[in-house]
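Take a look at the structure set out below.
Here is how names work: the chains are called A, B, and so on, in the same order as the sequence lines, proteins then strands, and each is numbered from 1.
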Protein chains: 2
Amino acid sequence: MSRSAGDKVPTMVDVARRAGVSPSTVSYAMTGSRPISEATRLRIQQAMLDLGYRPNVFARGLKSKRSHIIAVLFPKNEHERGMNLGSMEYIFGASDHAQDRGYHLLLWTSGADALDDLAGLAQQGLVDGVLLMEVRLKDPRIEVLRNSELIFTMLGQNADPGDLDYVDTDFDQCARLAVDHLTALGHRHLGFINLGASALEAGRGNAIRLRDGVLGAAASARAQVTTLTCESSIGGGRGALTELLLRDRAVTAVIAFNEQAVPGIMSAAADRGLRIPADLSILSIDMPAQAALMTTPAMTTVGPTAAAMGRAAVAMLIRQVEGAATGVTQMLFDGELVLRESTGPAADHDTA
Amino acid sequence: MSRSAGDKVPTMVDVARRAGVSPSTVSYAMTGSRPISEATRLRIQQAMLDLGYRPNVFARGLKSKRSHIIAVLFPKNEHERGMNLGSMEYIFGASDHAQDRGYHLLLWTSGADALDDLAGLAQQGLVDGVLLMEVRLKDPRIEVLRNSELIFTMLGQNADPGDLDYVDTDFDQCARLAVDHLTALGHRHLGFINLGASALEAGRGNAIRLRDGVLGAAASARAQVTTLTCESSIGGGRGALTELLLRDRAVTAVIAFNEQAVPGIMSAAADRGLRIPADLSILSIDMPAQAALMTTPAMTTVGPTAAAMGRAAVAMLIRQVEGAATGVTQMLFDGELVLRESTGPAADHDTA
DNA sequence: CTGTTAGCGCATTCAC
DNA sequence: GTGAATGCGCTAACAG
């Protein structure tokens with residue numbers, strides 16, 4: 001088990017010798033690609049334990065073209081830094097599951113535009129599969145991965161997922177959950193503060209799907225909703241709330257999908273003497289608990305468990321890699337309503 | 001450059017043939033481990049480009065015992081989840097630099113107590129070096145890594161770093177910077193809200209170093225400081241502020257080293273009618289900008305750039321791995337004061 | 001300055 | 001059911 005410095009690392013041959021069998025038998029015992037008698041299998045296992053044997057990743061990879069390594073593609077575009085707190089949870093979920101299944105996780109942070117680097121990664125054969133994060137509606141990485149014949153799963157969707165595997169948030173369901181929660185509290189005039197126009201243009205599909213979901217849910221609930229885009233910053237949030245109240249004085253609740261802007265929204269509300277949640281309710285979509293707990297009052301949120309999504313994505317990926325795939329898998333995760341302190345009953349001051 | 005599906009991945013032999021040289025020459029041209037004439041070197045380079053050649057990681061690793069992969073050990077102990085926002089920045093900094101230097105980053109999230117797993121990782125030879133995060137005063141992983149003869153660098157320090165390489169925050173300097181800032185604003189009665197007792201006992205060395213630093217700096221500045229430990233939660237923060245004001249009614253400024261507790265501190269202050277920063281200043285040590293911007297008002301912080309530390313750690317590690325090391329390297333990073341809105345001049349209400 | 005060759009540790013095709 | 005032999009793609013020691 002523990003090996004003191006200087007000891008040679010044992011190879012399959014060592015195991016074979018100790019178990020009194022040939023190297024190939026050891027190999028078969030490991031891969032299970034051909035029947036081995038129970039007796040020898042046990043002796044081999046014992047020998048491996050005694051020696052603290054671990055198969056050499058390189059030798060195995062060289063021969064079998066399988067590395068047991070999967071890459072997480074998490075581009076860190078400068079203007080997006082800070083979206084990361086939630087993404088971190090995905091990554092950890094993914095890592096958990098990968099490790100459980102005996103896979104390693106390679107963190108790849110090249111920009112989404114570094115297509116050559118990506119092609120290189122794909123070609124090296126270093127990784128068995130790829131988990132694609134921060135997927136755009138039109139995402140050039142997808143083309144590269146398809147060409148390279150590398151197996152991959154998306155966390156999020158592009159414009160036309162077709163037969164691509166993905167795991168994504170069910171934004172429609174999240175929208176409904178959020179709207180229902182607020183209308184149940186008596187809110188009739190809602191505001192929806194989305195990501196910035198630039199983010200929408202950049203193809204953040206989730207922002208668009210969510211907005212449509214909110215619009216639809218509000219229509220069913222006979223609530224009125226004013227939608228705005230908003231720069232991802234405190235200043236952006238301040239401006240957005242001002243603008244929102246200008247457009248609809250009767251707004252009593254805000255659904256926000258813009259983590260960075262939330263503090264701005266809250267402080268602008270405070271400046272106007274609007275207490276949260278007495279005068280104005282705020283609910284954030286897909287905000288990590290981490291962040292939700294940093295605001296005062298703590299933010300009520302709707303969103304799925306990111307870690308679970310990460311795990312699911314890796315599970316799908318491994319199933320593909322190991323050839324146990326059952327056609328295309330596309331999963332949508334339901335959001336959950338986490339009640340904290342930023343939402344409450346509508347004040348009926350000037351509601352018609 | 002791009003390779004359409006079906007094309008065989010080119011090997012060194014293909015490159016050699018195309019360049020009209022022997023395979024070994026290609027190898028030497030790549031590793032530079034023996035002189036190659038400029039002319040042939042160029043022809044080889046061209047051939048590689050034409051073919052879109054990428055060396056096979058496994059073959060190289062198998063032969064040379066070097067993988068160009070470094071592992072980041074980032075244990076996710078359950079009770080510590082949430083410390084992560086800052087850690088993320090380290091990891092990204094590390095990843096950036098690794099990729100710049102042609103290294104891959106393996107994310108290893110097994111618990112700090114999963115020593116067997118770690119030993120296995122070390123033994124596999126999969127990684128050239130290890131970046132150890134979340135280092136404890138007494139950290140059993142260190143022993144495992146030493147035994148395995150694996151090169152590693154710590155992000156943080158154990159109790160007795162001796163000849164181990166590390167990169168760490170200069171908590172003493174941070175403490176001085178924080179205390180100086182507050183005393184310059186006229187604050188004479190400070191509070192220091194630290195991590196919880198359990199964290200201290202668990203050997204979070206930084207908490208202890210920082211506390212001592214604050215104590216020292218306050219003494220030099222002739223300021224009085226009341227120190228408390230505090231559970232990492234909103235409730236913990238609320239309790240801590242109450243307790244603090246009980247112990248010293250004259251406190252006008254708080255230095256916090258407990259990210260999760262900060263919102264609690266702030267809301268408890270609000271409940272007592274203490275405005276921030278008019279009545280009470282708050283400054284956080286080593287809080288990521290992400291989090292600092294989520295509070296209202298935005299939090300003034302003191303701390304180093306985490307990404308820079310991550311980069312430096314990887315740089316040190318690679319230097320070691322490549323044998324270019326110049327003895328032991330131990331780096332302390334200075335913190336910077338980032339002025340936001342949570343600190344201001346002392347109100348001289350009941351200061352003696 | 002360049003070419004030839006022998007493995008690295010494992011998976012797998014043959015033989016038995 | 002098991003064993004012996006071959007080669008994955010590359011590096012480095014040996015020969016020129």
How many Å lie between [atom1] on [X] and [atom2] on [N], as a whole number?
{"X": "Gln124(A)", "N": "dC8(D)", "atom1": "CD", "atom2": "C1'", "result": "16 Å"}
{"X": "Leu62(A)", "N": "dT6(D)", "atom1": "CG", "atom2": "P", "result": "18 Å"}
{"X": "Phe58(B)", "N": "dC8(D)", "atom1": "CZ", "atom2": "C1'", "result": "11 Å"}
{"X": "Arg43(A)", "N": "dG3(D)", "atom1": "CZ", "atom2": "C1'", "result": "14 Å"}
{"X": "Arg60(B)", "N": "dT11(D)", "atom1": "CZ", "atom2": "C1'", "result": "10 Å"}
{"X": "Gln123(A)", "N": "dG9(D)", "atom1": "CD", "atom2": "P", "result": "12 Å"}
{"X": "Arg17(B)", "N": "dC10(D)", "atom1": "CZ", "atom2": "C1'", "result": "15 Å"}
{"X": "Lys63(B)", "N": "dC8(D)", "atom1": "NZ", "atom2": "C1'", "result": "13 Å"}

Could you check whether [X] gets within reach of a base, just the sugar-phosphate, or nothing at all, counting any heavy atom under 4.0 Å?
{"X": "Thr11(A)", "result": "sugar-phosphate"}
{"X": "Pro23(A)", "result": "nothing"}
{"X": "Ser37(A)", "result": "sugar-phosphate"}
{"X": "Val26(A)", "result": "nothing"}

Can you name the salt bridge (charged side-chain N to carboxylate O under 4.0 Å, His left out) partners of [X], sequence neighbours left out?
{"X": "Asp160(B)", "result": "none"}
{"X": "Asp165(B)", "result": "none"}
{"X": "Arg60(B)", "result": "none"}
{"X": "Glu143(B)", "result": "none"}

Can you give the first and last nucleotides of DNA chain C, 5' to 3', that have an atom under 4.0 Å from a heavy atom of chain B? dC1(C) to dG9(C)

5′-ward residue of the pair Ala59(B)/Ile36(B) relative to DNA chain C: Ile36(B)

DNA chain C nearest-nucleotide lookup for Thr31(A) and Glu38(B): closer to the 5′ end is Glu38(B)

Counting only pairs under 3.5 Å, give me each side-chain donor-acceptor contact of residues 42-49 of chain B, with atom names and distances, residues two or more places apart or in other chains.
from: Arg43(B); atom 1: NH1; to: Ala19(B); atom 2: O; distance (Å): 2.5
from: Gln46(B); atom 1: NE2; to: Asp50(B); atom 2: OD1; distance (Å): 2.8

Pairing residues for [X] by the side chain to side chain donor-acceptor pair (under 3.5 Å) criterion, not counting sequence neighbours:
{"X": "Thr329(B)", "value": "none"}
{"X": "Ser27(B)", "value": "none"}
{"X": "Asp139(A)", "value": "Arg141(A)"}

Ignoring hydrogens, what is the shortest heavy-atom contact between Phe333(A) and Pro304(A)? Give both atom names and the distance. CB-CB, 3.9 Å

Using modelled atom types only, decide if a donor and an acceptor are shared between the side chain of Asp128(A) and the backbone of His68(A) within a distance under 3.5 Å. yes

Nucleotides 14-16 of chain D: which of its N/O atoms have a protein N/O under 3.5 Å away?
from: dC14(D); atom 1: N4; to: Arg34(B); atom 2: NH1; distance (Å): 3.2

Assign the ring pair Phe74(B) / Phe92(A) to parallel, tilted or perpendicular, where the plane angle (0 to 90°) is split at 30° and 60°. perpendicular

Determine the stems involving DNA chain C; a stem requires 3 or more consecutive pairs of the Watson-Crick or G-U wobble kind, each with both distances below 3.5 Å, and the answer is none if no such run exists. C:1-16 with D:1-16

If you look only at pairs with a residue in residues 106-147 of chain A, which of them pass as a ring pair (Phe, Tyr, Trp, His ring centres under 6.0 Å), with sequence neighbours excluded? Trp108(A)-His104(B)

